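This report concerns only the one structure given below.
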Amino acid sequence: MIHSILPPEAYQEEQSPAEHIQKLCPYGFVDCLPLPDGRLQVNRIISTDPAAYLDLAFAPGAILQPEAKS
């Protein structure tokens, strides 16, 4: 336990933010976090189409498969 007048950010190591990847989707863009196995986890969807927010395939937390390389 640390007793200090300083906020925790002053004496704890700063963690680098996670790398986000933006991918095109039929509605606009999805902001994703890369997973260790190559798949992507949806963080948020960026769209002006209201139907985009009802599509469970692009809901936050959904897992997207990696694109096939040709």
Side-chain angles (χ1 to χ4, degrees):
M1 183 179 284
I2 299 174
H3 295 280
S4 175
I5 61 169
L6 299 174
E9 298 84 28
Y11 54 83
Q12 291 179 343
E13 287 185 27
E14 186 174 324
Q15 296 179 1
S16 60
E19 180 183 336
H20 290 257
I21 298 172
Q22 286 76 35
K23 292 283 189 183
L24 281 172
C25 75
Y27 305 107
F29 295 94
V30 285
D31 183 46
C32 302
L33 296 170
L35 298 175
D37 60 0
R39 297 181 303 163
L40 300 171
Q41 183 177 21
V42 176
N43 188 44
R44 66 182 176 142
I45 188 162
I46 305 166
S47 176
T48 57
D49 185 355
Y53 300 93
L54 300 174
D55 191 342
L56 296 178
F58 300 107
I63 303 297
L64 303 177
Q65 298 300 322
E67 296 175 358
K69 296 181 181 180
S70 51

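From a predicted model like this one, the values you see are computed outputs, not experimental measurements.
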> To which residues is L35 joined in a hydrophobic cluster, defined by side-chain heavy-atom contacts under 4.5 Å among Ile, Leu, Val, Met, Phe, Trp and Tyr, whether direct or through other members?
Replying inline: I63
Return all side-chain donor-acceptor pairs below 3.5 angstrom for residues 55-62, not counting sequence neighbours, or 'none' if the list is empty.
residue, atom, partner, partner atom, Å
D55, OD1, A57, N, 3.0
D55, OD2, Y27, OH, 2.9

> Can you hop from I21 to F29 via hydrophobic side chains spaced under 4.5 Å?
Replying inline: no
> For Q22, which residues count as a side chain to side chain donor-acceptor pair (under 3.5 Å) partner, sequence neighbours excluded?
Replying inline: D31
> Say you draw a straight line from NZ of K23 to CG of L40; how long is it, rounded to the nearest 0.5 Å?
Replying inline: 6.0 Å
>> Going by the rule side chain to side chain contact (heavy atoms under 4.5 Å, CB included), which residues pair with L6 if we only count those two or more places apart in sequence or in a different chain?
In response: S4, A10, Y11
> So which pairs with a foot in residues 33-43 pass salt bridge (charged side-chain N to carboxylate O under 4.0 Å, His left out), sequence neighbours left out?
Replying inline: D37-R39
> How does the hydrophobic cluster around L54 look, that is, which other residues are in it when side-chain heavy atoms under 4.5 Å mark a link?
Replying inline: none
> Near E19 CD, under 6.0 Å, is it more than 12 heavy atoms from other residues, nucleotides or ligands?
Replying inline: no
> Side-chain heavy atoms under 4.5 angstrom apart, residues restricted to Ile, Leu, Val, Met, Phe, Trp, Tyr: same cluster for I46 and Y53?
Replying inline: no
> Between I45 and A52, which heavy-atom pair has the shortest distance, and what is it?
Replying inline: CD1-CB, 3.7 Å
